[in-house]
Visitor: 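After the structure tokens below, expect a handful of questions from me.
What you see below is based on every heavy atom in this structure, not just the backbone, and it leaves out hydrogens, waters and symmetry mates. Keep in mind the model is a prediction, meaning the values are calculated, not measured.
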Number of protein chains: 2
Amino acid sequence: MQPLSESQEDYLKSIFQLSENSTRLVSAMELADRMDVKPASVTSMLKKLAKLSLIDYTPYQGVALTPSGKLVALEVLRHHRLIELFLTEFLDFGWEEVHEQAEKLEHVISEELEARMAEKLGHPTHDPHGDPIPTVDLELPESPLLANLLRTAENHTGVIKRVTSQDRDFLNLLNRLELNIGVELRVISQERGGVRIQTATDQFLIPVDMASKIWMEAE
Amino acid sequence: MQPLSESQEDYLKSIFQLSENSTRLVSAMELADRMDVKPASVTSMLKKLAKLSLIDYTPYQGVALTPSGKLVALEVLRHHRLIELFLTEFLDFGWEEVHEQAEKLEHVISEELEARMAEKLGHPTHDPHGDPIPTVDLELPESPLLANLLRTAENHTGVIKRVTSQDRDFLNLLNRLELNIGVELRVISQERGGVRIQTATDQFLIPVDMASKIWMEAE
DNA sequence: ATAAATATTTAGACAAGCCTAAAAATATGC
DNA sequence: GCATATTTTTAGGCTTGTCTAAATATTTAT
Ligand SMILES: [Mn+2]
Ligand SMILES: [Mn+2]
Ligand SMILES: [Mn+2]
Ligand SMILES: [Mn+2]
């Protein structure tokens, strides 16, 4: 199997992530949005990836990864998340800074460098955002079931386990609020405007669209 | 100034390195050889770089970097050498392994990552091969004058300061002979076939083409 | 069920960076 | 100094990944 281009790797990764929590096909529009290209460009790339047997592509219907396409996606994702964690652990970057850098590095690190980073990090299972890091055999590690902050019961106390956003501004905002992975909080009330929480030091009303990105260990 | 492509950066770096120890122009053939492309491809890239004022290009004569072209070359070289050193110092790679990886990483690290690596490494001046690392202001650091092993006087004792080759097999051979940067040796005799040397544990005759890559502090 | 809106594909174009083959310029050897 | 060899450039082509505009398919709403 010949090496794939960075662009091809990114398409496969996006397809994986867009279909990760469902069985449905991924549409051309979704991909165009996520990859920031025009739909016509998506169509032409999908044809190429289908010819390489990396995706199953039904025109006008959508696309799904084949097993080998999924392996490529998981490999890139492993690179991405190991790099993010390495940058935070060993080079003092914040979780809000690492995504962009990892987006480029993920395509150019050797398997040997991947292995050395994994080793130095102690073969970690989750990245700085709580995203699971695929294992060396390209399986997603078991993660405890998580519940969205929006669906966390009133009066329940729990710990932030994952934040599903790479937006710098949003993550920076969480930094200022001291709402990071591992932080304990109690849900005071679920309200129409969001979730009112109690942290060690403060009370906030987290707006719905912010809360929807925050995940707690399920009760 | 728009961002340059990886290929453009590599051309500028090669031009810099081919003219580093002389004032002469760099020829298209030299570049084609070093970049592993055909001469026709070089010509077309030289036209582009000239239009960007990164090189002075005289058709049929050769090429030289402009001041801004030189800055780009030094920036890439700084990335390359910091990465090589980082990989050896923090990820246990050997000096024979790092060039290839750095060749790709040099184009995708951010200025922030460059700065963090430099800091963790203590703002180093030389890479694992003894090559000088351009400073953050893109000047080559002062290096003590070096003398090639072929021109080191008989009976002189000195320390290996630089090895000007990135060839894996050659560097591996030096590993086995325990001829690394910092190793002390004494020149027993300069012979037609090479240089006979005495290390802490052994005597060797280093063949001419090997010796020509090894540099000692000048007497 | 049909019209309108939306999504997708096709067609044709373009920039980058490479190639081969041929033409032109330069360098070398006698 | 001239013929030959070498180097360099030009001309034309190819692939990758993108774009716009137009055609077509699908979905949605009445
Ligand atoms: Mn990427
Ligand atoms: Mn992440
Ligand atoms: Mn390079
Ligand atoms: Mn080096």
Visitor: Just checking, any donor-acceptor pair under 3.5 angstrom between side chains of A/Ser110 and A/Glu112?
Guide: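 The criterion, which ignores hydrogens and geometry beyond distance, is not satisfied for A/Glu112 and A/Ser110.
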Visitor: Let me know, please, whether A/Met45 or B/Gly62 comes out on the 5' side of the other along DNA chain D by nearest nucleotide.
Guide: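 It is B/Gly62 whose nearest nucleotide is closer to the 5' end.
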Visitor: Walk me through whether A/Leu105 and B/Leu113 qualify under side chain to side chain contact (heavy atoms under 4.5 Å, CB included).
Guide: CA-CA 11 Å; A/Leu105 289 170; B/Leu113 181 46; 4.1 Å; yes
Visitor: Under the ring pair (Phe, Tyr, Trp, His ring centres under 6.0 Å) test, which residues partner A/Tyr11, sequence neighbours left out?
Guide: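 Ring pair (Phe, Tyr, Trp, His ring centres under 6.0 Å) list for A/Tyr11, sorted by chain: empty.
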Visitor: Output the rounded distance in Å from NZ (B/Lys51) to P (C/dA16).
Guide: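 It works out to 10 Å between those atoms.
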Visitor: Could you check whether A/Lys213 makes a cation-pi contact with A/Phe170, meaning its NZ or CZ is under 6.0 Å from the centre of the six-membered ring and within 45° of the ring axis?
Guide: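 Relative to the ring axis of A/Phe170, which defines the angle, A/Lys213 lies inside both limits.
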Visitor: Kindly assign one of parallel, tilted or perpendicular to the pair A/Trp95 and A/His129, based on the angle between their ring planes and the thresholds 30° and 60°.
Guide: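 A/Trp95 vs A/His129 ring planes: parallel.
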Visitor: How about A/Glu20: does its CD atom have over 12 heavy atoms from other parts shown lying under 6.0 Å from it?
Guide: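 Yes - once you tally the heavy atoms of other residues, nucleotides and ligands closer than 6.0 Å, there are more than 12.
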Visitor: Could you tell me how far apart A/Leu25 (CG) and D/dT27 (P) are, to the nearest whole angstrom?
Guide: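 Rounded to whole Å, this separation is 12 Å.
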Visitor: Measure from the side chain of B/Lys48, starting at C-beta and using heavy atoms only, and say which of C/dA16, D/dG17, D/dT9 lies closest.
Guide: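 The answer is C/dA16, which lies nearest to the side chain.
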Visitor: Going by number, which of residues 35-44 of chain A have a non-hydrogen atom under 4.0 Å from DNA chain C?
Guide: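 Contacting residues: A/Pro39, A/Ala40, A/Thr43.
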Visitor: Check DNA chain C against residues 9-18 of chain A and give the residues with a non-hydrogen atom under 4.0 Å, in numerical order.
Guide: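 Correct list: empty, so none.
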Visitor: So if I apply the side-chain hydrogen bond (donor to acceptor under 3.5 Å, both in side chains) rule between B/His79 and each of B/Glu114, B/Glu106, B/Glu9, which one comes out positive?
Guide: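 Among the candidates, only B/Glu114 passes.
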Visitor: Applying ring pair (Phe, Tyr, Trp, His ring centres under 6.0 Å), can you list everything that pairs with B/His107, at least two apart in sequence or on another chain?
Guide: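 Partners of B/His107 by the ring pair (Phe, Tyr, Trp, His ring centres under 6.0 Å) criterion come out as none, since no residue qualifies.
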Visitor: For A/Glu30, what residues pass the salt bridge (charged side-chain N to carboxylate O under 4.0 Å, His left out) criterion, not counting sequence neighbours?
Guide: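 Salt bridge (charged side-chain N to carboxylate O under 4.0 Å, His left out) check on A/Glu30 returns A/Arg24.
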Visitor: Rounded to whole angstroms, how far apart are CD on A/Gln8 and P on D/dT15?
Guide: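 It is 15 Å, rounded to the nearest whole Å.
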Visitor: OP1 or OP2 of C/dA23 sitting under 4.0 Å from any side-chain N/O of B/Tyr60?
Guide: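 No, no such contact exists.
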Visitor: With the sugar-phosphate defined as primed atoms, P, OP1 and OP2, and the base as all remaining atoms, what B/S/- string results for nucleotides 1-6 of chain C, 5' to 3', for protein heavy atoms under 4.0 Å?
Guide: ------
Visitor: Rounding to an integer number of Å, can you tell me how far B/Gln61 CD sits from C/dA24 P?
Guide: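 One finds 19 Å between P of C/dA24 and CD of B/Gln61, rounded.
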